[in-house]
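Single-structure report; data block below.
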Amino acid sequence: MKKDSAEKDLLYRSKFEIIEPYLYLLPFFLGVAVFTLYPVINVVLMSFQEDYSMLTRSFSGWGIGNYVKTLNDPNFWQAIRNTLHYVLLVVPISLVLSLIIANLLNQKLKGSAVYQSIFFLPMVTSVTAVGLAWKFMFNNRGVINYLLGFLGMKAIPWLRSAQGGAYNMTALVVFGIWNILPFTIILLLSGLQNIDPQYRIAAKVDAATNLRIFFRITVPLLAPTIFLVCIVNTISCFKVFSELYPLFGGNPGSMGNLYTVVYYIRTSMMQYQDYGVASAAALILFLFIFVFTMAQTGIRKITERRKVS
Amino acid sequence: MHVTLDHITKKFDDFTAVQDFSARLEDGELICLLGPSGCGKSTLLNMLSGIIPPSGGHIYFDEDDVTMMPPEKRGVGLVFQNYALYPHLTVLDNICFPLETQHVPKKERVEQAQEIAKLVHVDTLLKRRPGELSGGQQQRVAIARALIKNPRLLLLDEPLSNLDARLRLEMREEIRRIQQRTKVTSVFVTHDQEEALAISDRIILMKSGVVQQNDLPQRLYDSPANQFVANFLGNPPINNIPGVIRNGGFHAQGADSEIRLPLFEGLPEGRPVHLSIRAEAFSVEKDGPIEAQVERVYTMGKEEMACLRIGATEFRAYIDSEVGLTPGRNVQLNVRKRGVFVFDLESGEKLA
């Protein structure tokens, strides 16, 4: 790379040649500016505007009123609790499951290609459409309760019932894991395939069991990918919404108690037309994600430093 | 431990990598598997370690049949071409790893590792990681890791090919020293004939999965079993002069003169052959039986490397620089007994 640019600097270039590459980048930058940068800046501004009116686009002044209002709303804290709950369940469980499945897929057994496509299927389906299918499966007389019946268990009111709060969350988490699994598996599988098979052979010759190879060799070598997966999944789980929406017919849980932060933002916006609160909640969510991601990166740096010293 | 390989064959689909290989490796010997790439030497090594099973034949460690025994049960130490040191573990943990799997207590592990690290001279590097070591140091660590479990058999798969020329020389002496200290039966795979000649007690030279010669290094050089062996060993490569035997004399292709050597006695009439002579076997002698034309001369210090010609064939000879050859002139040469052979032109079979 370095050598390349050094060589280029030796060549004479006309003014147009210098500008040319930026012209090619322009359409993309325009798109980003209009559809990403502008809305983001607007959200930040709106969150500090008091009494914003959508109709007149006017506001009474700048302040932190929206934040005060959001942080004093018990529904918001409910949403934060639910979201954290969801993140802390889905991220670790999906990571462990994906590690196991990716390892199996990496064994190059007969038919593993077929399994690969089956596992990756959720990636190419629409969450909302599949959510409806899961809704049927979680139904009182759905497949899941039918199978549980075989195990001698009573039907579980996954999606309804007055006392169904915990079950609601379970259903959401199961669906969430299913949804996130393929992407996680793809990342881990490509990480596994990048590990030199010689390490495995060397460990085998040194009489290591498969379990020891997995924990002592494979997982440490896979650590960078595992960290990446954790960060990406944490971010996407914090933004959980499209899994929730179809499962309960557009409601946040059967009791209306399964608010997630994004659902809260949406309700504030669409139902209460409170753009200020929605923007403030969005920024608070951003802060949460930021802190979590920084913490994960910090942990990673510490473990790496420990390795080097 | 001695190892017996009994009619080992390995086929991959319709490709035969190793064909009917039989050999006995004596206890404490360092054996070189030598041959060009694709000759089956690494395949053979992998069968000894148990990484791949043979298609036919048997392998015995002492008297035990280990043919189908998985690698983890064989107790062999393996040094990989690219070392395969675990990058996330320290040198100490790398060396300890084979003991870790045997559930040796940590204190004992570390003690043994320190001892073996001293033997291979990496005892000051124990806290580093493989990425912070030079190629030669990684090589030493890899050897330490292979040795720490007291292997019955030490296998080295082209261990020097990733090192630069000077380090290669140093490490091959090191491997020899360590092997003689530990007296472990060792198999060393290489395609470098010089390396093989320098390091081993015995060389098994292979070509296309078939053993060409299994002999002492010097014997391999001094009395090659066939044309391939003669060509493979020696630098510069042996001179092959094509010609025909007629009336007990050798007629080089395109030459009028006849070469008469005692060696040719009893050779079949009219047979197309190679007269193969090592470059160091020539000497200039006034009444020598070989007449050749001097083409070029390169000074090498104590001697000269001369490019000479007989008929249509150019060949190289080391000549004492005191002789003072002149390009364009003819010269009479004699040959020593050692380093002169006659091979069948077609089959490469040794005739004399």
Side-chain angles (χ1 to χ4, degrees), chain A residues 95-96 99 102-103 106-110 113 187-231 296-309, chain B residues 42 45-52 69-90 93-104 109 127-132 138 141-158 162:
Chain A
L95 178 68
V96 171
L99 256 179
N103 253 291
N106 199 29
Q107 307 281 314
K108 292 186 185 78
L109 297 173
K110 261 185 198 162
L187 284 181
L188 290 176
L189 190 59
S190 76
L192 282 175
Q193 281 163 351
N194 274 330
I195 296 177
D196 191 336
Q198 292 245 291
Y199 297 130
R200 199 189 157 74
I201 296 173
K204 264 268 176 247
V205 171
D206 287 340
T209 56
N210 283 333
L211 212 62
R212 186 182 293 275
I213 294 174
F214 181 74
F215 284 112
R216 196 93 169 92
I217 311 290
T218 310
V219 170
L221 289 177
L222 201 59
T225 316
I226 292 176
F227 272 108
L228 175 74
V229 163
C230 282
I231 287 177
Q296 282 174 334
T297 323
I299 290 168
R300 172 160 188 207
K301 281 208 177 116
I302 289 164
T303 50
E304 265 178 5
R305 203 169 305 137
R306 209 187 56 211
K307 269 187 206 164
V308 173
S309 63
Chain B
S42 287
L45 197 80
N46 286 337
M47 288 192 278
L48 280 170
S49 67
I51 293 169
I52 54 175
M69 193 184 269
E72 59 266 29
K73 297 219 172 108
R74 292 199 184 189
V76 298
L78 183 53
V79 178
F80 290 81
Q81 183 172 356
N82 58 2
Y83 322 133
L85 297 175
Y86 311 121
H88 59 290
L89 298 181
T90 60
D93 285 343
N94 261 292
I95 299 176
C96 283
F97 188 81
L99 296 184
E100 202 182 305
T101 64
Q102 291 172 16
H103 306 291
V104 176
R109 252 171 20 213
K127 283 190 178 150
R128 299 224 203 144
R129 263 158 228 287
E132 300 162 308
Q138 288 187 38
V141 175
I143 293 171
R145 184 177 67 181
L147 283 176
I148 196 166
K149 56 181 171 179
N150 272 322
R152 305 161 76 188
L153 180 64
L154 178 65
L155 306 171
L156 304 113
D157 189 2
E158 307 229 12
N162 283 358

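Keep in mind the model is a prediction, meaning the values are calculated, not measured. Chain naming here is simple, since letters A, B, ... match the order of the sequence lines and numbering starts at 1 in each.
- Closest heavy-atom contact between A:Tyr199 and B:Tyr86: O-CE2, 3.6 Å.
- Considering every non-hydrogen atom in both B:Thr101 and A:Arg212, the closest pair reads CG2-CD, 3.5 Å.
- Top candidate by heavy-atom pairs under 4.5 Å with chain A, chosen from B:Val76, B:Leu78, B:Asn82, B:Asp93, is B:Asn82.
- Contact between B:His88 and A:Pro220 at its shortest, heavy atoms only, is CD2-CB, 3.2 Å.
- B:Phe97 CZ to A:Ile217 CD1: the interatomic distance, rounded to the nearest 0.5 Å, is 4.0 Å.
- Applying a 4.5 Å heavy-atom cutoff, the residues of residues 145-155 of chain B that approach chain A are B:Arg145, B:Lys149.
- In terms of heavy-atom pairs under 4.5 angstrom with chain A, the leader among B:Pro98, B:Pro70, B:Pro71 is B:Pro98.
- Within the 4.5 angstrom heavy-atom criterion, atoms from both the backbone and the side chain of B:Glu100 approach chain A.
- Taking CG from B:Leu89 and CZ from A:Arg216, the interatomic distance works out to 5.0 Å, rounded to the nearest 0.5 Å.
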